[in-house]
2 protein chains.
Amino acid sequence: MAEDQKKRRGFRRAPADRRRVELMEATLRIIASRGIEAASVRAISAEAGVTPGLIRHHFESKEELIGAAYAHHMEVLLRACVDVLEEVRDGPVERLASFVRRTLTPPVTGSQEVQLWAAFIEKIGHDPKMRQVHMDSYREFRQVLETLISAALFELGEAASPIRIGQLAIAVNAVLDGLWLEGSILPEQFPNDELVRIGLQSVSGITGVPLVQKDVAKQ
Amino acid sequence: MAEDQKKRRGFRRAPADRRRVELMEATLRIIASRGIEAASVRAISAEAGVTPGLIRHHFESKEELIGAAYAHHMEVLLRACVDVLEEVRDGPVERLASFVRRTLTPPVTGSQEVQLWAAFIEKIGHDPKMRQVHMDSYREFRQVLETLISAALFELGEAASPIRIGQLAIAVNAVLDGLWLEGSILPEQFPNDELVRIGLQSVSGITGVPLVQKDVAKQ
DNA sequence: CTTGCTATTATACGATCGTATAACAAAGGG
DNA sequence: CCCTTTGTTATACGATCGTATAATAGCAAG
């Protein structure tokens with residue numbers, strides 16, 4: 001008969017940077033799939049395939065892990081965005097249109113993305129670090145939009161002042177945020193690529209950059 | 001010397017409806033001011049001036065209380081919105097403009113409002129009841145917008161099809177959502193009534209309804 | 001092969017969570 | 001004035017939370 005030997009779980013050592021990323025991404029998966037309330041240190045560590053204690057070895061607190069995961073997520077999102085822009089060989093107008101399309105179609109849209117986003121937004125009201133992460137990522141997104149809009153207007157011979165470019169970027173960012181949100185939460189309300197069509201049409205209306213054929217846009 | 005008599009706390013009885021509303025509003029205050037994580041049954045009951053057990057006498061679970069609070073909040077918000085519209089004696093175009101202004105200024109904007117909103121949105125991904133509340137309130141808001149936009153376009157002699165009205169309402173709702181969000185989270189980025197100006201300008205661009213003087217809008 | 005470092009596991013602790021249950025008391029009707 | 005009803009308090013329980021601490025073991029260096 002087997003003696004009741006306590007077998008200690010085997011493991012592999014990983015460099016700190018790698019393990020930190022694994023833990024952050026496990027955190028994101030848990031929040032996205034089961035909500036922020038389910039994101040306990042035990043659930044996260046189980047998702048990452050490690051034991052709970054390891055979290056506090058790599059992060060000072062659960063709060064710091066959440067904040068780091070937020071920053072990591074936004075970084076990945078922005079990187080994907082910039083990479084997409086560099087792929088497009090077309091002119092500035094088509095680049096702006098591509099950006100709109102990419103923003104309003106999966107995998108950028110999706111209920112899990114919204115759940116992640118909402119969970120983080122809820123914290124920025126009472127967590128200065130989360131607020132700072134939000135401000136940084138928001139500013140970077142806006143700068144990308146300003147570049148796109150400025151280039152598109154310049155190509156059309158309607159170059160605008162930096163102040164106006166900034167206003168347009170805010171407005172476009174807002175409409176994209178809102179459409180992304182509604183399209184992600186209630187996708188069944190937007191058959192096919194209606195979301196994209198409304199987005200292109202709205203951005204056209206705001207900036208004056210023609211992104212859709214007008215006869216099609218009217219109906 | 002006084003014997004250590006355990007004095008039972010005095011209280012007043014309230015009709016069930018009244019008490020339920022008190023508990024829901026206490027819940028909203030807690031979530032808005034301290035976040036969803038702080039909204040424990042103990043914190044909520046303390047805020048409402050009662051003991052924790054009472055919550056489970058009026059609600060089957062904390063989850064049900066949260067859902068009821070969400071529905072109550074959206075109901076109050078929509079009611080305030082409709083009341084505002086009924087006050088305005090101006091024409092359809094000015095009514096639409098008033099609606100935009102009201103949406104993008106306090107007390108509709110505000111970090112606490114965002115915190116409430118984000119806390120609820122985060123739940124609709126894994127809570128069918130919260131999802132239903134969202135769908136209902138979203139639909140009602142959209143219908144109000146459709147009415148406003150339709151009337152404004154009709155007055156301008158540019159009456160549009162119901163399908164197009166629906167698309168416009170979605171787009172306007174999206175841009176208002178996005179601007180409301182950003183203006184509420186980072187109010188310092190929008191001095192004075194710049195948020196309102198961008199909103200009016202964007203809604204004009206989307207719907208074609210002139211809500212701003214063009215010379216002012218350009219700079 | 002041995003040694004040292006530290007990433008990782010194992011275990012435990014106190015706090016707080018949502019919930020269950022029973023005693024108490026406020027309010028209205030006989 | 002008593003009695004019934006039920007809104008309300010008081011208390012307790014088990015589960016789970018984030019965190020602290022010590023033991024273990026992977027892995028590179030010597």
Side-chain angles (χ1 to χ4, degrees), chain A residues 4-27 30-31 34-70 119 122-123 126-127 129-130, chain B residues 4-27 30-31 34-70 119 122-123 126-127 129-130:
Chain A
D4 60 336
Q5 51 179 4
K6 303 182 179 180
K7 37 182 170 180
R8 191 184 179 91
R9 164 182 188 167
F11 60 91
R12 68 177 175 84
R13 289 170 86 105
D17 300 351
R18 178 93 180 90
R19 190 65 88 191
R20 279 177 62 96
V21 171
E22 286 178 8
L23 289 172
M24 292 187 290
E25 295 184 340
T27 302
I30 294 288
I31 297 177
R34 294 159 48 197
I36 186 71
E37 291 185 41
S40 64
V41 290
R42 285 166 177 84
I44 293 171
S45 57
E47 170 73 23
V50 298
T51 53
L54 191 58
I55 287 184
R56 298 242 333 134
H57 183 265
H58 288 286
F59 297 90
E60 265 204 9
S61 66
K62 177 192 168 185
E63 200 181 25
E64 191 203 318
L65 168 58
I66 301 284
Y70 182 23
E122 195 268 340
K123 293 183 178 299
H126 40 68
D127 187 330
K129 252 187 183 156
M130 297 293 282
Chain B
D4 61 338
Q5 51 180 4
K6 304 181 180 180
K7 35 182 172 181
R8 191 185 179 90
R9 164 183 187 166
F11 60 92
R12 68 177 176 85
R13 290 171 85 105
D17 299 353
R18 179 92 178 90
R19 191 63 88 191
R20 278 178 62 96
V21 172
E22 287 179 7
L23 289 171
M24 291 186 291
E25 294 183 340
T27 303
I30 294 289
I31 297 177
R34 294 160 47 198
I36 186 71
E37 291 186 40
S40 65
V41 291
R42 286 166 177 83
I44 294 171
S45 58
E47 170 74 22
V50 297
T51 53
L54 191 58
I55 286 184
R56 299 245 327 140
H57 183 265
H58 288 286
F59 298 90
E60 266 204 7
S61 66
K62 177 192 168 184
E63 199 181 25
E64 191 202 318
L65 168 59
I66 300 285
Y70 182 24
E122 195 269 342
K123 293 181 177 301
H126 39 68
D127 188 328
K129 252 188 183 155
M130 297 293 282

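Predicted model, so just to flag it, every value in this text is computed and none were measured. Sequence lines set the chain letters: A, B, ... in the order given, protein chains first and strands last, and positions in each chain run from 1.
In terms of polar N and O atoms assigned as donor or acceptor, the side chain of B/R42 never comes within less than 3.5 Å of the base of C/dT16 in a complementary pairing.
Nucleic acid contact class of B/A16 (heavy atoms, under 4.0 Å, all strands): none. The residue B/R13 sits close to a base: some heavy atom pair falls under 4.0 Å.
The side chain of A/F11 approaches C/dT8 more closely than any other nucleotide in the set D/dT8, C/dT8, C/dG18. The side chain of A/K62 sits closest to D/dT19 out of C/dG18, C/dT19, D/dT19. Closest to the side chain of A/T51, from the set C/dT9, C/dA26, D/dT19, is C/dT9.
Remark: C1' of C/dT16 and CZ of B/R34 are 13 Å apart, rounded to the nearest angstrom. For the pair A/E63 CD and D/dC17 P, the computed distance is 17 Å after rounding to whole Å. Across the protein-nucleic acid pair, B/H57 atom NE2 and D/dT5 atom P stand 14 Å apart, rounded to whole Å. Nucleotide C/dA7 holds its C1' atom 11 Å from the CZ atom of A/R8, rounded to whole Å. Whole-Å rounding puts the B/R9 CZ to D/dT9 P distance at 5 Å. Between the C1' atom of C/dT19 and the NE2 atom of B/H58 lies a distance of 16 Å, rounded to the nearest Å. Spacing between atom CG of A/L54 and atom P of C/dT11 amounts to 17 Å, rounded to whole angstrom units. Remark: P of D/dT6 and CZ of B/R20 are 17 Å apart, rounded to the nearest angstrom.
Between the side chain of B/E122 and the backbone N or O of A/I36 there is at least one donor-acceptor pair closer than 3.5 Å. For A/K62 (side chain) and A/A39 (main-chain N/O), a donor-acceptor pair under 3.5 Å exists by modelled atom type.
Residues B/A43 and B/A38 approach most closely at CB-O, 3.3 Å, considering heavy atoms.
Residue A/R12 places none of its side-chain N or O atoms closer than 4.0 Å to OP1 or OP2 of D/dG26.
The CG atom of A/L23 sits 8.5 Å away from the CD1 atom of A/I44 when rounded to the nearest 0.5 Å.
No more than 12 heavy atoms of other residues, nucleotides or ligands lie within 6.0 Å of CD in A/E37, so this atom counts as exposed by the packing criterion.
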